[in-house]
Asker: 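Pasting in a structure now, in structure tokens, and then I'll have a few things to ask.
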Amino acid sequence: MNELSRLPPIAWVLIGCAAALGFALAWVWRWYRKYRARKALRAAVTAGSADYLVNTLVPDGMGGGFHVDYLLLTLRGVVVIDLRDVHGNIFGGDQMAEWTVMDGPRRFTFTNPQSALYDRIAAVKAVAGDVPVEGRIVFTRRGKFPKGLPKWTLMVDALRAEFPLAEFETPAESVARYREDWLRLKQAVRPSYMVNMR
């Protein structure tokens with residue numbers, strides 16, 4: 001008879017509890033790492049903004065809406081951010097209908113996101129009034145563009161350089177001129193139910 005069969009029932013209970021605790025701690029640690037990564041990514045995207053909105057539905061004027069990952073209020077106006085977390089080498093261009101991703105042996109394509117960005121910018125302009133509206137497709141550090149970045153496309157680390165936080169150290173009137181339009185935009189949007197569908 002082996003040694004394990006001689007263990008008293010309380011020992012099996014303790015072993016089971018230890019195993020369950022180990023699985024629970026591993027799950028909590030994974031959740032915490034993902035939470036920290038999401039928080040760091042949000043901080044990187046919003047670093048150059050005076051105010052921002054996350055995962056909103058901007059009305060399209062026909063009863064529907066466009067999902068927008070981030071809306072940033074910057075010194076230059078409102079910036080629409082389409083955030084993409086794609087792993088691998090990305091090959092895309094302004095005239096290409098689909099962009100290709102190569103990640104080791106895996107290869108896939110996705111629709112050129114530029115035209116969808118233009119639609120989102122137009123929807124924000126229709127609601128926001130006179131404030132200037134720009135848009136950027138922002139990729140996380142997990143992706144690389146070995147052949148260069150297409151138009152209106154940035155890596156997350158370059159976003160802060162394009163919309164620097166230092167600009168907000170200038171007098172408050174610099175952003176205040178957009179406040180009324182920004183408040184109108186904030187009132188027009190609503191939380192997006194599409195956040196988990198992308």
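This structure is a prediction, so every number in the text was calculated from the model and none was measured.
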Asker: With a sphere of 6.0 Å drawn around CZ of R107, does it hold more than 12 non-hydrogen atoms of other residues, nucleotides or ligands?
Answerer: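 It does not: R107 CZ has 12 such atoms or fewer within range.
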
Asker: side-chain hydrogen bond (donor to acceptor under 3.5 Å, both in side chains) with R42: which residues, sequence neighbours excluded?
Answerer: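 Here no residue qualifies.
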
Asker: Side chains of N55 and D69: closer than 4.5 Å at any heavy-atom pair?
Answerer: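 Counting from C-beta outward, N55 and D69 do come under 4.5 Å.
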
Asker: Which atoms form the tightest heavy-atom contact between L159 and I81, and what is the distance?
Answerer: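 Closest approach of L159 to I81, heavy atoms only: CD1-CD1, 4.0 Å.
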
Asker: Begin from the C-alpha positions of M96 and D94 and carry the test side chain to side chain contact (heavy atoms under 4.5 Å, CB included) through to its verdict.
Answerer: CA-CA 6 Å; M96 297 172 65; D94 302 337; over 6 Å; no

Asker: Which distance, rounded to the nearest 0.5 Å, do you find between the CG of D85 and the OG1 of T140?
Answerer: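 The distance works out to 3.5 Å.
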
Asker: Under a 3.5 Å distance rule, please check whether W99 uses its side chain to pair with a backbone N or O of T109 as donor and acceptor.
Answerer: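 Here the side-chain-to-backbone pair does not exist.
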
Asker: Which residues end up grouped with L25 if you chain together Ile, Leu, Val, Met, Phe, Trp and Tyr wherever their side-chain heavy atoms are less than 4.5 Å apart?
Answerer: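 Members other than L25 - counting any ILVMFWY side chain reachable under 4.5 Å - are L21.
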
Asker: Would you find more than 12 non-hydrogen atoms of other residues, nucleotides or ligands less than 6.0 Å from R190 atom CZ?
Answerer: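 No, the 6.0 Å shell around CZ holds no more than 12 heavy atoms from other groups.
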
Asker: Atom CZ of R136 and atom CZ of F163: how far apart are they, to the nearest 0.5 Å?
Answerer: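 Answer rounded to 0.5 Å: 4.0 Å.
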
Asker: Y178 and L185: side chain to side chain contact (heavy atoms under 4.5 Å, CB included), yes or no, with the steps?
Answerer: CA-CA 11 Å; Y178 301 134; L185 178 60; over 6 Å; no

Asker: How long is the span from the CG atom in L154 to the CG atom in L83, to the nearest 0.5 Å?
Answerer: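 Spacing of CG (L154) from CG (L83) equals 11.5 Å.
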
Asker: Considering residues at least two apart in sequence or located in another chain, which fulfil the salt bridge (charged side-chain N to carboxylate O under 4.0 Å, His left out) criterion with D157?
Answerer: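 Result, salt bridge (charged side-chain N to carboxylate O under 4.0 Å, His left out) vs D157: R141.
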
Asker: Can you name the closest pair of heavy atoms from P59 and A123 and give their distance?
Answerer: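 So the two residues come closest at O-CB, 3.7 Å.
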
Asker: Taking ILVMFWY side chains as joined if any heavy atoms are under 4.5 angstrom apart, and letting links pass through other members, which residues group with F91?
Answerer: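 For the cluster that includes F91, the remaining residues are M102.
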
Asker: Quick one: does any side-chain atom of Q114 pair with a main-chain N or O of W152 as donor and acceptor, under 3.5 Å?
Answerer: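 No: the side chain of Q114 does not pair with the backbone of W152.
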
Asker: What are the two closest non-hydrogen atoms of V156 and A44, and how far apart are they?
Answerer: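 For V156 and A44, the tightest heavy-atom pair comes out as CG2-CB, 3.9 Å.
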
Asker: How long is the span from the CD atom in E162 to the CZ atom in R76, to the nearest 0.5 Å?
Answerer: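 Answer for the CD-CZ pair, E162 versus R76, is 5.0 Å.
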
Asker: Would a distance-only check, ignoring hydrogens and angles, find a side-chain to backbone donor-acceptor pair under 3.5 Å from D82 to L117?
Answerer: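 No: the side chain of D82 does not pair with the backbone of L117.
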
Asker: Any donor and acceptor pair, going by atom type alone, linking the side chain of R184 with main-chain N or O of A128 inside 3.5 Å?
Answerer: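 The answer is yes, because a donor-acceptor pair under 3.5 Å joins these two groups.
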
Asker: Grab the two heavy atoms, one from K186 and one from L53, that are nearest each other, plus how far apart they are.
Answerer: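 Smallest heavy-atom distance, with atoms named: CG-CD1, 3.8 Å.
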
Asker: Compare all side-chain heavy atoms of D51 with those of R179 and state whether any distance is below 4.5 angstrom.
Answerer: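 Of all side-chain heavy-atom pairs linking R179 with D51, at least one is under 4.5 Å.
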
Asker: Just grab all the ring-ring contact (aromatic ring centres under 6.0 Å, His included) pairs involving residues 127-148, residues at least two apart or on different chains.
Answerer: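 Pairs touching residues 127-148 that pass the test: F139-F145.
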
Asker: Report the residues that fulfil side chain to side chain contact (heavy atoms under 4.5 Å, CB included) with D130, sequence neighbours left out, ordered by chain and then residue number.
Answerer: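 Per chain and number, D130 pairs via side chain to side chain contact (heavy atoms under 4.5 Å, CB included) with D181.
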
Asker: With side chain to side chain contact (heavy atoms under 4.5 Å, CB included) as the test, pick out the partner of V79 among I121, V138, V124, T74.
Answerer: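 The passing option is T74.
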
Asker: Got a second to check how far T46's OG1 is from R160's CZ, nearest 0.5 Å?
Answerer: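 Here the interatomic distance stands at 9.5 Å.
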
Asker: In the structure I gave you, are the side-chain heavy atoms of V131 and W182 within less than 4.5 Å of one another anywhere?
Answerer: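 No, every pair of side-chain atoms sits at 4.5 Å or beyond.
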
Asker: Taking atom CD of E98 as the centre, report whether more than 12 heavy atoms of other residues, nucleotides or ligands fall under 6.0 Å from it.
Answerer: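 Count over threshold, so yes.
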
Asker: Can any side-chain N or O of T56 pair as donor or acceptor with the backbone N or O of V58 at less than 3.5 Å?
Answerer: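 A pair under 3.5 Å: no.
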
Asker: State, to 0.1 Å, how close P150 and G92 come at their nearest heavy-atom pair, and which atoms those are.
Answerer: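 In terms of heavy atoms, the two residues are closest at CG-O, 3.4 Å.
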
Asker: Does N112 use its side chain to pair, donor to acceptor, with the backbone of G93 at less than 3.5 Å?
Answerer: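 Indeed, once roles are kept as given, a pair shorter than 3.5 Å links the two residues.
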
Asker: Report yes or no: do V68 and L183 belong to one cluster of Ile/Leu/Val/Met/Phe/Trp/Tyr joined by side chain heavy-atom distances under 4.5 Å?
Answerer: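 No, separate clusters.
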
Asker: Donor-acceptor pair, distance only, cut-off 3.5 Å: does the side chain of D60 make one with the backbone of F66?
Answerer: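 Checking the backbone N and O of F66 against the side chain of D60, no donor-acceptor pair under 3.5 Å is found.
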
Asker: Rounded to the nearest 0.5 Å, what separates atom CE in M155 from atom CD1 in I90?
Answerer: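 Going from the CE atom of M155 to the CD1 atom of I90 covers 6.0 Å.
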
